Number of protein chains: 2
Amino acid sequence: MDDATGPDGQRRPAAPGVVRMRDVARTAQVSTMTVSRALKDPGKVSADVRRRVEEAVRAVGYVPNKLAGSLSSRRSNVIGLVVPSIENSLFASTVQGISDVLRQHDHQLMIADSGYSAVAEEAAIRAFLGQRVAGLILHDTTHTPEAVAMIRQSGVPVAENGTLTPTPIDMVVSYSNFDAAKAMTLHLARLGYRRIALVTLPASTNARSRDRQEGYRAALAEVGLPADPRLMLEMPPGLASGAEALLRLLEGGAAPDAIFFAGDVLAIGAVLECIRRGWPVPEKVAIAAFDNIDLLAHLVPPVTTLRLPRLEIGRRSAEVLLDRIQGRSTSRVSIDLRFEIIHRAST
Amino acid sequence: MDDATGPDGQRRPAAPGVVRMRDVARTAQVSTMTVSRALKDPGKVSADVRRRVEEAVRAVGYVPNKLAGSLSSRRSNVIGLVVPSIENSLFASTVQGISDVLRQHDHQLMIADSGYSAVAEEAAIRAFLGQRVAGLILHDTTHTPEAVAMIRQSGVPVAENGTLTPTPIDMVVSYSNFDAAKAMTLHLARLGYRRIALVTLPASTNARSRDRQEGYRAALAEVGLPADPRLMLEMPPGLASGAEALLRLLEGGAAPDAIFFAGDVLAIGAVLECIRRGWPVPEKVAIAAFDNIDLLAHLVPPVTTLRLPRLEIGRRSAEVLLDRIQGRSTSRVSIDLRFEIIHRAST
DNA sequence: TTGTAAGCGTTATCAA
DNA sequence: TTGATAACGCTTACAA
């Protein structure tokens with residue numbers, strides 16, 4: 001057993017309370033290797049040793065150093081997650097799902113946000129790879145070429161979440177924004193609406209918005225409704241934005257009979273504006289939303305929307321990563337999770 | 001310069017694409033130490049070497065291994081955060097604030113949620129200490145004794161966020177739940193309301209709720225209003241809960257003229273219930289909320305509430321930790337951030 | 001079942 | 001300004 005005070009090398013001293021495996025080993029009268037075994041694979045040591053080690057761990061207050069462990073074993077138990085915005089509560093369920101699964105499997109979650117910028121995402125990915133994460137979860141599906149190259153070179157498994165992209169880096173776990181927007185548009189058409197407007201977030205920087213626009217157009221084509229460009233609007237996120245979109249559409253020269261708000265909290269802003277003005281929904285105009293925000297069920301009237309598998313996306317993403325990390329699978333899965341239309345009084 | 005293929009020790013092979021500092025060193029024709037210097041402190045190497053190293057880094061696609069770096073330097077750039085719930089959007093702003101500051105200072109964020117359980121919080125803290133985080137941010141201010149002991153022994157700086165506790169482990173960055181609840185209650189009294197009800201989340205497990213109840217009582221005492229126990233309610237979180245609280249209070253035998261919802265989205269649920277029933281607010285009953293959720297400003301009527309420094313709490317927490325980590329400060333600060341009453345039409 | 005030695009990829013230290 | 005060497009605290013590989 002070696003001594004902590006080396007002959008010369010005076011490094012930055014460890015914090016006073018820092019306990020190393022060798023301290024446990026000394027207390028338990030065994031080698032560090034035996035401590036290591038007793039901790040990770042208790043079946044491999046004698047009952048007596050196991051007991052002594054456990055006791056020593058408690059006595060000295062030992063917390064194993066994962067940095068050293070991971071460096072040595074070349075194995076990490078940290079997963080890196082990049083979301084466009086931490087503050088946006090739509091992503092919160094997904095993060096919760098990821099966190100739940102990781103906790104059960106003794107893994108940790110590192111999180112960063114890109115502010116909807118691919119360049120910032122690249123920086124976050126580089127930092128995560130520097131931390132030698134065992135896997136990555138990315139909400140966005142568009143990345144800088146450098147980011148993709150780094151990930152490929154590192155060999156780290158990746159799950160992408162934002163939309164069911166046909167060209168994933170590795171694995172995708174999502175629902176189809178195209179299918180979802182198409183399904184809701186068809187639903188509105190089936191209810192008899194003929195002038196269905198679509199409001200999305202700006203599509204130029206957002207693959208999800210683009211997919212939704214295409215799904216909407218596909219639905220119109222399918223039922224033989226004309227695609228009036230005056231009925232398609234792109235708005236910034238926010239409640240006020242939804243109200244503004246409503247007014248612009250209704251007071252323009254080509255008023256819709258239904259508006260499908262396919263983004264953020266736009267629909268809520270619109271319904272509140274209707275309440276404010278005393279406009280009856282759906283008589284004045286029908287309103288549909290895109291996400292199962294709790295509030296939509298409690299608005300007046302309750303709002304028709306899509307139930308998206310946000311939590312499940314998180315859970316499954318974590319699961320497919322763990323499957324790969326723990327060698328249970330080598331396949332590059334693409335998981336299409338299901339959505340559902342929740343019909344309520346607003347349409 | 002040594003060779004990667006050792007004489008015998010056949011460990012788990014590194015991933016194919018993994019590049020080490022020695023690869024950069026070989027390419028740039030310098031020692032690893034010089035590469036290390038060129039990367040961390042470019043001023044300490046010659047311009048020529050700097051250029052060669054930079055080029056080599058790019059050529060081989062080198063991403064420094066922080067695990068090895070932190071192990072060797074005994075310095076980490078990871079901060080651990082434990083929140084009660086990831087999904088609860090009230091914490092999202094704080095997380096965003098933390099993340100913003102950390103990114104600017106090249107630090108990473110690890111996040112875990114405790115599900116409002118001190119035992120789960122302890123497990124998360126143990127895991128973080130195992131990762132040798134440089135600092136901890138805890139939303140809760142009540143912890144298991146073991147958790148406190150571990151943190152103390154580790155010497156890691158901690159910032160607590162939930163309420164302005166008089167007995168922090170180390171540092172606190174928060175607002176006073178007592179003062180905030182008191183201020184709003186006084187505000188209602190000043191507006192002429194005489195039967196002011198308080199609805200909080202269950203106080204038995206939540207220090208924040210307790211502080212708010214005490215602030216409410218203190219305000220009543222100060223203005224000489226009686227504290228009618230029938231006017232104090234504890235409810236689980238959620239929109240439906242708010243509606244239920246409203247009905248219970250108004251249809252009980254001791255109807256209030258104002259209700260102060262000091263928790264979660266309770267106030268929103270109550271206002272929506274009023275809209276549903278056509279009850280005029282504040283004529284039928286005045287309603288005040290506790291948090292600056294965007295939606296409150298857009299409801300009908302807009303709801304009086306408190307502007308709490310959620311984002312700022314995150315930013316300041318990260319800042320005081322970094323101050324300590326980087327040796328700019330040794331003091332155990334306690335920061336009382338300010339709140340503000342936003343008076344709107346609902347009261 | 002237990003221990004010894006080497007090495008994980010970096011940085012601190014000291015010497016040149 | 002640069003490099004050689006010894007840690008950092010753990011686990012792998014192998015020997016006893």
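Computed from a prediction, not measured in an experiment: that's the story for all the values here. Atom set for the values below is all heavy atoms of this structure, side chains included, hydrogens, waters and symmetry mates excluded. Quick note on labels: first sequence line is chain A, next is B, and so on, each numbered from 1.
Two residues are said to be in side-chain contact when any heavy atoms from C-beta on lie closer than 4.5 Å; V133(B) and I79(B) fail this criterion. Within the 4.5 Å cutoff, side-chain heavy atoms of R52(B) are placed close to those of Q29(B).
Remark: S72(A) is not in phosphate contact with dC10(D), judged by side-chain N or O atoms under 4.0 Å from OP1 or OP2. Phosphate contact (OP1/OP2 of dT2(C), side-chain N/O of T34(A), threshold under 4.0 Å): absent. Contact check, S46(A) against dT2(C): a side-chain N or O comes under 4.0 Å of OP1 or OP2. Side-chain nitrogen and oxygen atoms of S36(B) include none within less than 4.0 Å of the OP1 or OP2 phosphate oxygen of dT10(C). Within the structure, every side-chain polar atom (N or O) of R75(B) is placed at least 4.0 Å from both OP1 and OP2 of dT10(C). The side chain of T32(A) contributes no N or O atom lying less than 4.0 Å from OP1 or OP2 of dG3(C).
If you take NZ of K44(A) and P of dA13(D), they are 11 Å apart, rounded to a whole angstrom. Atoms CG (L67(B)) and P (dT11(D)) sit 13 Å apart, rounded to a whole Å. At whole-Å resolution of the value, CG in N65(A) and C1' in dC8(C) are 13 Å apart. Across the protein-nucleic acid pair, M33(B) atom CE and dT5(D) atom P stand 15 Å apart, rounded to whole Å. In this structure, L129(A) atom CG and dT10(C) atom P are separated by 14 Å, rounded to whole Å. Distance, D48(B) CG to dT2(D) P: 8 Å, rounded to whole Å. Atoms CD (Q131(A)) and P (dG9(C)) sit 16 Å apart, rounded to a whole Å. Across the protein-nucleic acid pair, R22(B) atom CZ and dT5(D) atom P stand 15 Å apart, rounded to whole Å.
In this structure, of dT11(D), dC10(D), dG3(D), it is dG3(D) that holds the atom nearest to the side chain of V30(B). Looking at the side chain of R37(B), the nearest of the listed nucleotides dA13(D), dG3(D), dT11(D) is dG3(D). Here the side chain of S31(B) is nearest to one of dT2(D), dC8(C), dG3(D), namely dG3(D). The side chain of R74(A) has dG9(C) as its nearest neighbour among dG9(C), dT13(C), dT12(D). Among dC10(D), dG3(D), dG9(D), the nucleotide with an atom closest to any side-chain atom of M21(A) is dC10(D).
Ion pair R103(B)/D113(A) flagged as a salt bridge, since at least one NZ, NE, NH1 or NH2 atom sits closer than 4.0 Å to an Asp/Glu carboxylate oxygen. The pair R152(A)-D170(A) does not count as a salt bridge, with every side-chain nitrogen at least 4.0 angstrom from each carboxylate oxygen.
Taking only distance into account, the side chain of R132(A) never meets the base of dG9(C) through a donor-acceptor pair shorter than 3.5 Å.
Here K66(A) lies out of heavy-atom contact (under 4.0 Å) with every strand.
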Check the pair E54(A), R51(A) against salt bridge (charged side-chain N to carboxylate O under 4.0 Å, His left out), reporting the backbone distance first and the verdict last. CA-CA 5 Å; E54(A) 282 165 6; R51(A) 194 187 46 68; over 6 Å; no
Run the side chain to side chain donor-acceptor pair (under 3.5 Å) check on D100(A) and Q96(A) step by step: do they pass? CA-CA 6 Å; D100(A) 291 347; Q96(A) 185 76 59; 3.1 Å; yes
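Between G69(A) and V45(B), the residue whose closest nucleotide on DNA chain D is further toward the 5' end is V45(B).
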